[in-house]
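Residue numbering restarts at 1 for every chain, and letters A, B, ... go by the order of the sequence lines.
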Amino acid sequence: MVMKLATWNVNSLKVRLPQVIDWLVEHQPDVLCLQEIKLINENFPINEIKAAGYESVFSGQKTYNGVAMLSKRQGSNIVTAIPGLADEQKRVIAATYGDLRVICAYVPNGENVESEKYEYKLRWLPAFTQWLKQELIDYKRLAVLGDFNIAPEDRDVYDAELWKGKVLCSGPERSAFGNMLNLGLTDSFRLFEQPEKSYTWWDYRMMAFRRNQGLRIDHILLSEELCSACMTCTIDKTMRKLDRPSDHAPVLVELACSLDI
DNA sequence: ATGTCAACGAACCGTTGA
């Protein structure tokens, strides 16, 4: 059995819903994590997604942020906040599917390293990491998917010199990312040979996508047990080529297991 | 650094955030 998990920052689910439905139908993931849905819960398109054969769990807010998970089977033990962190912003959702635990995260962007939003990001990340530590204790099969807004290494940046020390690439952010890996999580993308210059986000401006001026900031982290079952991790650039694309591409893993073990 | 995009509120634009 093959299990598929995916993540996609859709930059407005209202605008991207047709693309999301198409992607679900084509790829049939077991779980698709979405970020930046930018919807209040009352406006979540449950029925349209149900018509495509998927259940939804979501945590939205007006205008900004918001996360969701779409899945073939119903999720349980849903959590929509980081324990111990006072945070108005809807950035995480976790659910259990069979014996699989999935966390969907939209890490703060940070704006720039001088910004208060950067300070918030650097407060948010340790709280998130502490939560992951506990989740790893509670669940052997844990997958953490999302927009981390961190490019882990220079090879994840189209121009590392230009971006050196800048937000998404700064030392403190990379260190915070390393702290997650040190818990026993693995960046699934780097389990495999990958094309050079592989990215998941390209600025809308400056024809950045056409020039492949991107960063790899969307990730799928796997616990040891899932890691050993992971067969592929790929970035689906096709969605970024469509009309009215999100600025992020979906990332997808295939695991040699099923939800029903 | 920015040539774009999306949402919002209150005017068909400017602001915010990414």
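Between the side chain of A:Trp201 and the backbone N or O of A:Asp218, no donor-acceptor pair lies under 3.5 Å.
Straight-line distance from the OH atom of A:Tyr120 to the P atom of B:dG17: 12 Å, rounded to whole Å. Atom CG in A:Leu168 sits about 10 Å away from atom C1' in B:dA18, given to the nearest Å. Atom OH of A:Tyr118 and atom C1' of B:dA18 are 17 Å apart (whole Å). Distance, A:Phe148 CZ to B:dA18 P: 17 Å, rounded to whole Å. Going from atom CG of A:Asn149 over to atom C1' of B:dA18 covers 8 Å, rounded to whole Å.
Among the heavy atoms of the strands, none lies under 4.0 Å from A:Glu111. Using a 4.0 Å heavy-atom cutoff across all strands shown, A:Phe209 reaches no nucleic acid atom at all.
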Next item on the list: Going 5' to 3' through nucleotides 1-8 of chain B, assign each nucleotide B (protein heavy atom under 4.0 Å from a base atom), S (under 4.0 Å only from sugar-phosphate atoms) or - (no protein heavy atom that close).
Entry: -BBBSSSS

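Listed by chain and number, the residues in a ring-ring contact (aromatic ring centres under 6.0 Å, His included) with A:Phe209 are A:Trp202 (sequence neighbours excluded). Residues passing the ring-ring contact (aromatic ring centres under 6.0 Å, His included) test with A:Tyr106: none are found, sequence neighbours excluded.
Within a 6.0 Å sphere centred on NZ of A:Lys133, heavy atoms belonging to other residues, nucleotides or ligands number 12 at most. By the 6.0 Å contact criterion, CD on A:Gln89 is enclosed, its count of non-hydrogen atoms from other residues, nucleotides or ligands being greater than 12.
Straight-line distance between the P atoms of B:dA7 and B:dT2: roughly 25 Å, to the nearest whole Å. Taking the P atom of each, B:dG14 and B:dG3 are spaced 15 Å apart, rounded to whole Å. The gap from the P atom of B:dA10 to that of B:dT15 amounts to 15 Å, rounded to the nearest Å.
Ring geometry for A:Tyr199 against A:Tyr158 counts as perpendicular: the plane angle is over 60°, on a 0 to 90° scale with 30° as the lower cut.
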